[in-house]
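The next block holds one structure in the form of structure tokens; read it before the comments.
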Amino acid sequence: MSIFSVFKRGLEKSATKLSRAVTGVFSGVKAHGKASFDDLEAMLIAADFGVTAAKKVTDGIRDRYERGGIATDADLVAVARDEVAAILKRGMREIRTVPEGETLVILMVGVNGSGKTTTIGKLAARWRAAGKKVILGACDTFRAAAVEQLQLWGERTGCQVVAAKHGADPASVAFDATTAARARRADILIIDTAGRQHNQQDLMAELGKICRSIGKVMPGAPHEVWLTVDASLGANVISQAREFGKTAAVSGLVLTKLDGTGRGGMAVALHEEFGLPTFFAGFGERPEDLQEFDPEFYADALFGMERK
């Protein structure tokens with residue numbers, strides 16, 4: 001299965017809803033004025049694009065239409081796709097690197113049920129297959145099941161897991177995991193944290209403490225802080241990203257559960273709102289269903305387009 005086919009299959013529900021809605025706004029009307037474009041903007045907002053991104057896409061389509069660049073439904077979808085791709089490219093960059101022999105530290109944050117621990121396991125499998133030495137830090141000490149789940153992924157992927165007893169201080173575990181990764185010259189350390197709601201101030205403060213503990217062992221770390229976003233939650237993820245960014249300096253996103261929802265437009269809203277790069281997108285349960293995020297693939301799949 002090609003990489004693009006993973007995107008296309010995973011965004012099938014979103015594509016069906018979105019392409020029909022876009023072309024439906026313009027069907028049966030010979031000339032399109034303010035009402036048509038207002039309807040289009042409202043439809044994009046309903047498709048989880050968010051107000052700002054919906055307006056930007058609509059304005060781009062209106063501009064192309066007024067210049068005579070849209071004559072058919074296919075033209076309309078192609079222009080919408082190009083506008084979306086441009087937004088998705090905003091802020092995109094490579095994963096940060098560290099000097100040879102040092103450890104890249106990635107802190108994973110997110111709310112309960114966002115797929116954070118499973119994503120960590122899939123990332124570990126990906127990087128182990130690429131020959132990297134990976135260590136996992138089990139800092140979700142509030143749930144014994146979370147530690148067990150991470151340890152299971154460690155067994156599957158051949159990665160050491162640094163953990164402590166249930167209820168231990170998460171910041172202390174983060175300190176130990178970072179110390180171990182540095183001493184063992186691991187290529188990558190991925191640290192799991194408790195799934196916390198963005199409006200739980202005590203837990204968010206704990207997240208800041210974890211970051212400081214990591215930095216005591218390795219100045220400048222964590223090098224990446226990735227927020228896992230459950231795409232099925234819709235507009236609520238905007239407030240999540242905003243609050244996590246205040247506490248943990250979120251540097252990137254991982255989108256999960258895109259296959260089970262028609263809310264693929266949420267990626268567009270997040271990019272427009274924050275300009276944060278999306279590094280990976282999850283389209284299913286299998287390790288290979290977690291793919292590096294590609295704005296062009298995503299935009300094509302979101303509108304049900306094919307690639308040669």
Side-chain angles (χ1 to χ4, degrees), residues 95-112 114-125 127-128 132-198 200-228 243-252 254 279:
I95 298 171
R96 290 173 180 142
T97 59
V98 294
E100 184 73 26
E102 295 188 14
T103 303
L104 175 69
V105 181
I106 300 173
L107 183 70
M108 301 292 291
V109 302
V111 303
N112 290 313
S114 64
K116 178 166 42 59
T117 305
T118 298
T119 296
I120 291 171
K122 291 177 180 179
L123 288 172
W127 286 324
R128 282 288 292 145
K132 301 293 185 181
K133 182 176 182 179
V134 181
I135 291 180
L136 308 179
C139 292
D140 184 355
T141 60
F142 295 103
R143 294 187 307 120
V147 176
E148 292 170 1
Q149 183 184 4
L150 198 66
Q151 288 174 328
L152 181 59
W153 274 110
E155 292 173 5
R156 290 175 181 171
T157 59
C159 297
Q160 179 189 357
V161 178
V162 177
K165 64 181 181 179
H166 176 63
D169 178 18
S172 176
V173 180
F175 184 94
D176 291 343
T178 308
T179 301
R182 191 172 197 177
R184 293 160 194 172
R185 301 178 68 83
D187 296 302
I188 302 170
L189 168 64
I190 314 175
I191 296 180
D192 193 10
T193 59
R196 59 200 75 218
Q197 295 298 326
H198 58 282
Q200 293 175 313
Q201 295 303 315
D202 289 346
L203 289 176
M204 294 298 281
E206 180 64 50
L207 196 54
K209 185 179 175 183
I210 289 173
C211 290
R212 291 191 295 275
S213 293
I214 295 168
K216 288 178 181 178
V217 180
M218 198 177 297
H223 306 101
E224 296 279 8
V225 180
W226 292 352
L227 175 66
T228 55
E243 294 305 316
F244 274 103
K246 291 177 183 177
T247 304
V250 172
S251 62
V254 178
F279 289 105

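These numbers come from a predicted model, not from an experiment. This chain uses plain numbering: 1 for the first residue, then up along the sequence.
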Is it true that a side-chain atom of Thr103 and a backbone atom of Ala186 form a donor plus acceptor pair closer than 3.5 Å? yes

I want to check something: taking the side chain as every heavy atom from C-beta on, are Arg156 and Leu152 in contact at a cut-off of under 4.5 Å? yes

Heavy atoms of Gly252 and Phe279 approach each other most closely as CA-CE1, 3.8 Å

Check the pair Thr228, Val109 against side chain to side chain contact (heavy atoms under 4.5 Å, CB included), reporting the backbone distance first and the verdict last. CA-CA 6 Å; Thr228 55; Val109 302; over 6 Å; no

Can you give me the closest heavy-atom contact between Cys139 and Ala174, atom names plus distance? SG-N, 3.4 Å

Quick test of your reading: applying side chain to side chain donor-acceptor pair (under 3.5 Å), list the pairs with at least one residue in residues 217-227, sequence neighbours left out, ordered by first then second residue. Arg93-Glu224, Glu224-Trp226, Glu224-Ser251

Please report the C-alpha distance between Leu123 and Ile190 in whole Å, then the side-chain angles of each, then the deciding distance to 0.1 Å, and finally whether the side chain to side chain contact (heavy atoms under 4.5 Å, CB included) criterion is met. CA-CA 9 Å; Leu123 288 172; Ile190 314 175; 4.1 Å; yes

Is the backbone N or O of Lys132 less than 3.5 Å from a side-chain atom of Arg128, with the two atoms forming a donor-acceptor pair by type? yes

Taking Arg184's backbone N and O only, do any of them form a donor-acceptor pair with Lys133's side chain (distance below 3.5 Å, no angle check)? yes

How about Cys159 and Trp127: do any of their side-chain heavy atoms sit closer than 4.5 Å? no

Could you tell me if the side chain of Thr193 sits less than 4.5 Å from the side chain of Ile210, heavy atoms only? yes

I'd like to check Thr178 versus Leu189 (side-chain heavy atoms, cut-off strictly below 4.5 Å). Are they in contact? yes

Do the non-hydrogen side-chain atoms of Cys211 and Leu107 ever get within less than 4.5 Å of each other? yes

Contact summary for Pro222 and Ile214, nearest pair of heavy atoms: N-CG2, 3.7 Å

Less than 4.5 Å apart, side chain to side chain, heavy atoms only: is that true for Leu227 and Val254? no

Heavy-atom side-chain contact between Leu136 and Ile120 under 4.5 Å: yes

With side chain to side chain contact (heavy atoms under 4.5 Å, CB included) as the test, would you mind laying out the steps for Val111 and Lys116 before giving the verdict? CA-CA 8 Å; Val111 303; Lys116 178 166 42 59; over 6 Å; no

Are the side chain of Thr157 and the backbone N or O of Trp153 linked by a donor-acceptor pair below 3.5 Å? yes

By ring-ring contact (aromatic ring centres under 6.0 Å, His included), Phe175 pairs with (sequence neighbours left out) none

Looking at Ala163 and Gln151, what are the two nearest heavy atoms and their distance? CB-NE2, 4.0 Å

Glu243 side, atom CD; Leu207 side, atom CG - distance, nearest 0.5 Å: 12.5 Å

Can you list the residues that meet the side-chain contact (heavy atoms from CB on, under 4.5 Å) rule with Thr117, with sequence neighbours excluded? Gln149, Leu150, Asp192

Is Thr118 reaching over with its side chain to a backbone N or O of Gly115, donor-acceptor style, under 3.5 angstrom? no

Nearest heavy-atom contact between Pro170 and Thr141 is CG-OG1, 3.5 Å

How far apart are the closest heavy atoms of Met108 and Thr119, and which atoms are they? CE-CG2, 4.0 Å

Would you say the side chain of Asp187 lies within less than 4.5 Å of the side chain of Leu104, judging by non-hydrogen atoms? no

